[in-house]
Amino acid sequence: MNTSRDNFGSRFGVLVALTGSAVGLGNLWRFPYLMGENGGAAFIIIYLIFVFVLCLPIMYSEFVLGRRSQTNVFGAFKVLAPGSKWSIVGLFGVLASISILAFYCVVGGWSIEYLVKALCFDFTRQGTVNYETMFSDFVSSPVKPVVYHVIFLVMTAAICLGGVKKGIEKFAKIMMPLLFVMVIIIAIRSLTLEGASAGISYMFKPDFSKINSGTLLAALGQAFFSLSLGCGTIMTYGSYVSKDENIMKCSVITSFSDTLFAIIAGCAIMPAVFAFGISPSEGPGLVFITLPRIFAQLPLGGIIAILFFLTLLLAAVTSSISLLEVVVTYLLEEFKIKRKTAVFLTFFLILILGTLCSLSQGVLSDIKLFGMTFFDFFDYVSSNILMPVGGLLIVLFVGWRLGKANLFDELTNSGKLKVPQWLLEITFFIIRFLAPVTIAVIMIF
Ligand code: PFF
C-alpha cells in the first residue's frame with residue numbers, strides 16, 4: 001500500500017463516502033421525475049435490473065482499477081498498462097467530472113436559494129405565488145444564481161481542501177446518516193397524506209405497456225449517473241481503499257443504499273404529487289416548481305420545505321466533492337503540485353464554466369454550442385457521451401486487457417476472500433461481453 005497517500009480510515013468511512021457520491025441530485029431530482037415520465041413502477045423495475053445486473057460489475061471494474069493502481073484516473077492506466085494509449089481513458093474521466101461539475105454546481109446553487117426561501121417561509125406565506133415564474137425569474141437572473149453557484153463551489157472546495165480522511169470522509173460520516181433520516185421524515189409526511197395511496201400504487205404497480213426504448217435509455221442513463229459510474233469517481237475513491245477491504249461487498253452496499261435512497265425519495269414526492277392532484281410527469285421542474293406549490297398547501301409544509309431543500313443541498317455537496325476529487329487527485333499526482341494548488345485550479349476552472357452555465361439560463365441564452373446552451377451542452381456531453389464512453393472503455397480495459405486472473409485476484413484480495421467461482425465467472429462474462437455490448441447498443445440509439 002502506498003503509505004504517502006491519504007486514505008480512508010475505516011470501512012464505514014469508505015461506505016459513506018461512496019454512498020455520498022452516489023446519492024445526490026440524481027436521486028432527489030432526476031429519479032422522481034424520470035420515474036414520473038416513464039410509467040412509475042415499470043421504470044423502477046427496469047432501473048433495478050440495470051443497477052444490479054449491469055452497473056454493479058461496472059462498479060467492481062472501476063473499484064478494481066483504482067485500488068490495484070493506487071493512483072488517480074489517468075495514472076491508473078499508466079500503471080496497469082504501461083506504454084499504452086489506455087491512459088486516454090483516464091482523461092475521459094477527468095473531462096466528464098469537469099463537465100458534470102459545471103452544471104451540477106449551478107443546480108446545487110439553486111438548492112441554496114430554495115433553502116433560503118424555505119427558511120423565510122416564502123412558499124407558505126404568500127397565497128398567490130406563481131411558482132413557475134418564481135423559478136424562471138430566479139434562474140434567468142444574471143447575479144443571484146451565479147453567486148449561489150459560487151457559494152456551493154466554495155463549500156465543495158473547502159471540504160476537498162481538508163483531504164480524504166479529514167475532509168471527505170469526516171463530512172460524509174456526519175451527512176449521510178442525517179440525509180437518510182431527513183428523507184425518511186419527508187416520506188412519512190407524504191405517505192400519511194389523504195390520497196397518498198394513488199402515488200404508492202403508481203410507484204409499485206407496474207404497467208408494462210409504458211416500457212419502450214426511451215424507457216430503457218432513460219433508465220440506463222440514470223443508473224450510470226446515480227451510481228457515479230464512468231467518470232472516475234469510483235476509481236479515485238477506490239484508490240484510497242485498503243487492500244483488505246471487500247470490493248464486491250462495498251459496491252453492493254453502495255448500490256443498494258443509493259437505490260434505497262432513490263425509492264424513499266420517490267415515496268417522499270409521488271404520494272404528495274398525487275394527493276394534490278398534480279400530474280406525475282411534470283418533468284425537471286418537479287423539484288423547484290411542483291414541490292414548492294405542494295409545500296404551500298401541506299400541513300407542516302414550511303418545515304418539510306426546509307428539510308427537503310437542506311437534504312437536496314447536502315446530498316449535492318457529498319456528490320460534488322467526489323467529482324472535484326477526481327480532478328484534484330489527477331492534478332496533484334500527475335503534475336506534482338500541492339493539494340491546495342490543485343483545489344484552487346479546479347475551483348477557478350469550474351467557477352468559469354459554471355458561471356457560463358448559469359448565465360446561459362438568461363443573458364447568455366442565445367449563445368449556442370452545437371445548438372445547445374452552455375448548461376444543456378455540459379449536461380448532454382457528460383451524460384450522453386463522456387460517461388457512457390468512459391464506462392465502455394473501462395469495462396473493455398478490465399475485460400480484455402487487465403484480464404480474468406488479475407480481476408479475480410483483486411476481487412478476492414489474492415484469494416483471502418471466499419467468493420463463489422460461479423459468481424466471479426458471471427461477473428467476468430458481464431464485464432467482458434454483456435456490459436460493452438449493451439452500452440454500445442444503447443449509445444448507437
Ligand atoms: N451520483 C450523483 C447523483 O446522483 O447526483 C451524481 C454524480 C456524482 C455523477 C459523481 C457522477 C459522479 F462521478
Side-chain angles (χ1 to χ4, degrees), residues 16-35 47 50-51 55 58-59 61-63 65-66 72-73 89-90 92-111 152 156 159-160 168 172 175-176 179 183 218-239 251 254-266 284 287 311-330 346 350 378-391 394:
V16 285
L18 283 168
T19 309
S21 170
V23 168
L25 297 172
N27 304 60
L28 283 156
W29 173 52
R30 258 177 117 185
F31 183 82
Y33 86 70
L34 284 176
M35 175 176 74
Y47 179 79
F50 276 141
V51 167
C55 292
I58 303 179
M59 190 180 277
S61 305
E62 284 206 31
F63 218 131
L65 296 181
N72 66 87
V73 255
V89 181
F92 261 85
V94 175
L95 284 181
S97 302
I98 291 174
S99 83
I100 296 176
L101 274 170
F103 71 90
Y104 205 86
C105 291
V106 175
V107 184
W110 297 350
S111 62
F152 183 87
T156 305
I159 298 164
C160 283
I168 298 172
M175 288 313 151
M176 291 321 292
L179 284 177
V183 77
L220 185 69
Q222 173 61 12
F224 251 77
F225 188 81
S226 194
L227 295 176
S228 305
L229 296 177
C231 39
T233 44
I234 307 290
M235 264 176 86
T236 305
Y237 276 8
S239 76
S251 306
T254 304
S255 307
F256 180 80
S257 316
D258 181 60
T259 308
L260 183 68
F261 195 97
I263 291 180
I264 302 175
V287 159
T311 309
L312 190 67
L313 169 62
L314 296 175
V317 176
T318 55
S319 297
S320 63
I321 51 181
S322 70
L323 289 160
L324 201 79
E325 185 63 20
V326 172
V327 190
V328 167
T329 316
Y330 162 69
T346 318
I350 307 300
F378 284 109
D379 184 7
Y380 181 88
V381 166
S382 51
S383 309
N384 297 320
I385 301 174
L386 294 170
M387 290 179 90
V389 174
I394 285 169

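One-based numbering, in listed order, for ligands and for the atoms of each. For this chain, numbers begin at 1 and follow the sequence in order.
- The structure places CD of E325 at 11.5 Å from OG of S320, a figure rounded to the nearest 0.5 Å.
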Would you please test F63 and Y237 for side-chain contact (heavy atoms from CB on, under 4.5 Å) and show each step? CA-CA 8 Å; F63 218 131; Y237 276 8; over 6 Å; no
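- Scanning the protein for heavy atoms near atom 4 (O) of ligand 1, the closest one is A22 O, 3.0 Å.
- Side-chain N/O atoms of T236 and T329 include no donor and acceptor closer than 3.5 Å.
- Among W29, F225, F261, Y237, the residue whose heavy atom sits closest to atom 7 (C) of ligand 1 is F225.
- At a heavy-atom distance under 4.0 Å, atoms from both the backbone and the side chain of S21 approach ligand 1.
- Partners of T259 according to the side chain to side chain donor-acceptor pair (under 3.5 Å) rule, which considers only residues two or more places apart in sequence or in another chain, do not exist here.
- Close N/O approach between L229 and ligand 1 is not found [any backbone or side-chain N/O within under 3.5 Å].
- In this structure, CE on M59 lies 4.5 Å from CG on L227, to the nearest 0.5 angstrom.
- Using a 4.0 Å cut-off between heavy atoms, S322 contacts ligand 1 through its side chain alone, with no backbone atom that close.
- Ligand 1 has no nitrogen or oxygen under 3.5 angstrom from a nitrogen or oxygen of M387.
- Interface of T233 with ligand 1, defined as ligand atoms under 4.0 Å from a residue heavy atom, comprises 10 (C), 12 (C), 13 (F).
- In the vicinity of S319, heavy-atom distances shorter than 4.0 Å reach the ligand 1 atoms 2 (C).
- The protein heavy atom nearest to atom 8 (C) of ligand 1 is S228 OG, 3.4 Å.
- A donor-acceptor pair shorter than 3.5 Å cannot be found between the side chains of T233 and S322.
- Residue S383 holds its OG atom at 4.5 Å from CZ of R30, rounded to the nearest 0.5 Å.
- At least one N or O atom of S226 sits closer than 3.5 Å to an N or O atom of ligand 1.
- For Y104 and F378, the gap between ring centers reaches or exceeds 6.0 Å.
- Scanning the protein heavy atoms around atom 5 (O) of ligand 1, the nearest turns out to be Y104 OH, 2.5 Å.
- The distance from the CG atom of L101 to the CD1 atom of I321 is 11.5 Å, given to the nearest 0.5 Å.
- Within ligand 1, counting atoms from 1 as listed, the ones closer than 4.0 Å to a heavy atom of C231 are 11 (C), 12 (C), 13 (F).
- Regarding atom 12 (C) of ligand 1, its nearest protein heavy-atom neighbour is L323 CD2, 3.3 Å.
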